[in-house]
Peer 1: 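Quick one: the structure is below, questions incoming.
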Amino acid sequence: MTDLLELVEARLRSALGAPDARAAVTFLGTDRIEVLRFVDPEGAPGPDGPADGGAAGVVRYVTLGMSAAPMSDPTAALADPERGPRSELLLSVRPGGADTDKVLRPLAVLAASPQVEGVVVAPGASLDVGEPLWPGAPFTSVLVAESGGMVEDLELDAPREPVRFLPLLPMTPTEAAWKRVHGAQALQERWLSHGTDLRDPFRAAVPLTG
């Protein structure tokens, strides 16, 4: 799958520029997951979530390796080695004094979850790492958003499905609980209506009443 991951990285470079740092994490029984860091000093607006534009100094963390194998339905008797959704995960954040580089391992854990737990990561899903995404972060979980914004899907030869770059939107515990009841779309609409800065590493929860 080396050639495939080279294509994935080329797509990332064409969309985000050259990464300024990268780290690799290997979990027992899984393939290596890398996390690449891209710095946008201008903070150019990008459609990777509601209320996400214009903040200067945006850092983007993107996994590399999750798409090496397709995700398969955990109830399937036999996993198809070619067919199935393929994805990488993308998180955009404005550092703002936070040690956001500590998010590298939690991101790698989430990217390895299809191999480790048989999880199919898809838009609208909630993913929980069980600890703050970085020191002092008020978030332990993320909402998976739709692909096709900041980084376009990477088309592959049939029968392989495209590689999709799925934005992750950090959620506070109260937002995650509210989303379980009302759904992902309702939470995103609430973020949008309140002008929530989803890149703020220390933001408060959006008002969930009224």
Side-chain angles (χ1 to χ4, degrees), residues 12 15-16 38 40 42-63 66-67 71 73 85-98 100 103 106-107 109-111 113-114 117 119-134 136-154 161-210:
L12 291 172
L16 304 176
F38 300 84
D40 178 3
E42 301 299 325
D48 52 356
D52 70 344
V58 174
V59 180
R60 308 186 199 284
Y61 301 94
V62 191
T63 63
M66 179 178 174
S67 61
M71 293 179 282
D73 185 339
R86 298 175 188 264
S87 298
E88 300 289 354
L89 307 177
L90 186 156
L91 175 70
S92 298
V93 65
R94 185 161 26 85
T100 56
V103 79
L107 276 183
V109 169
L110 295 180
S113 61
E117 303 174 19
V119 174
V120 176
V121 178
S126 300
L127 304 176
D128 196 319
V129 299
E131 62 183 16
L133 294 178
W134 51 82
F139 322 106
T140 62
S141 63
V142 294
L143 174 64
V144 182
E146 295 284 351
S147 66
M150 182 59 60
V151 184
E152 293 184 3
D153 296 349
L154 174 64
E161 294 186 21
V163 176
R164 295 182 167 84
F165 301 88
L166 301 175
L168 302 181
L169 311 178
M171 294 187 293
T172 68
T174 55
E175 289 172 339
W178 195 87
K179 179 260 179 185
R180 285 194 292 271
V181 175
H182 300 277
Q185 183 175 348
L187 178 58
Q188 292 188 74
E189 289 174 353
R190 189 160 286 263
W191 280 334
L192 185 61
S193 66
H194 285 81
T196 304
D197 181 4
L198 295 176
R199 295 174 175 175
D200 181 346
F202 296 122
R203 71 171 180 84
V206 70
L208 298 172
T209 59

Peer 1: Would you compute the distance between atom CD of E88 and atom OG of S147 and round it to the nearest 0.5 angstrom?
Peer 2: 12.5 Å

Peer 1: Look up atom OG1 in T63 and atom CG in L110, then write down how far apart they are to the nearest 0.5 Å.
Peer 2: 9.0 Å

Peer 1: Flag the pair R203 / L198 as yes when at least one side-chain heavy-atom distance between them is below 4.5 Å, and no otherwise.
Peer 2: yes

Peer 1: Can you check whether V62 reaches V151 side chain to side chain, under 4.5 Å on heavy atoms?
Peer 2: no

Peer 1: Output yes when a side-chain donor or acceptor of H194 lies under 3.5 Å from a complementary backbone atom of R190, and no otherwise.
Peer 2: yes

Peer 1: With a 4.5 Å heavy-atom cut-off, do W191 and L143 have their side chains touching?
Peer 2: yes

Peer 1: To the closest 0.5 Å, what do you measure between CZ (R180) and CG (L187)?
Peer 2: 11.5 Å

Peer 1: Keeping the roles fixed (side chain from E175, backbone from V206), state whether a donor-acceptor pair exists under 3.5 Å.
Peer 2: yes

Peer 1: Using 0.5 Å steps for rounding, measure from the CG atom of L91 to the OG1 atom of T100.
Peer 2: 8.0 Å

Peer 1: In Å, rounded to the nearest 0.5 Å, how long is the span from CG of L208 to CH2 of W178?
Peer 2: 6.5 Å

Peer 1: Measure from the side-chain N and O atoms of R86 to the backbone N and O of S67, and report whether any donor-acceptor pair falls under 3.5 Å.
Peer 2: yes

Peer 1: Should Q188 and L169 count as side-chain neighbours, where that means a heavy-atom distance under 4.5 Å?
Peer 2: yes

Peer 1: Hey, are S87 and R164 close enough side-chain-wise for a donor-acceptor pair under 3.5 Å?
Peer 2: no

Peer 1: Against V142, only a single residue in D128, L133, L89, L166 fulfils side chain to side chain contact (heavy atoms under 4.5 Å, CB included); can you say which?
Peer 2: L133

Peer 1: Measuring from atom CE of M171 to atom NZ of K179, what distance do you get when rounded to the nearest 0.5 angstrom?
Peer 2: 6.0 Å

Peer 1: Do the non-hydrogen side-chain atoms of F165 and L12 ever get within less than 4.5 Å of each other?
Peer 2: yes

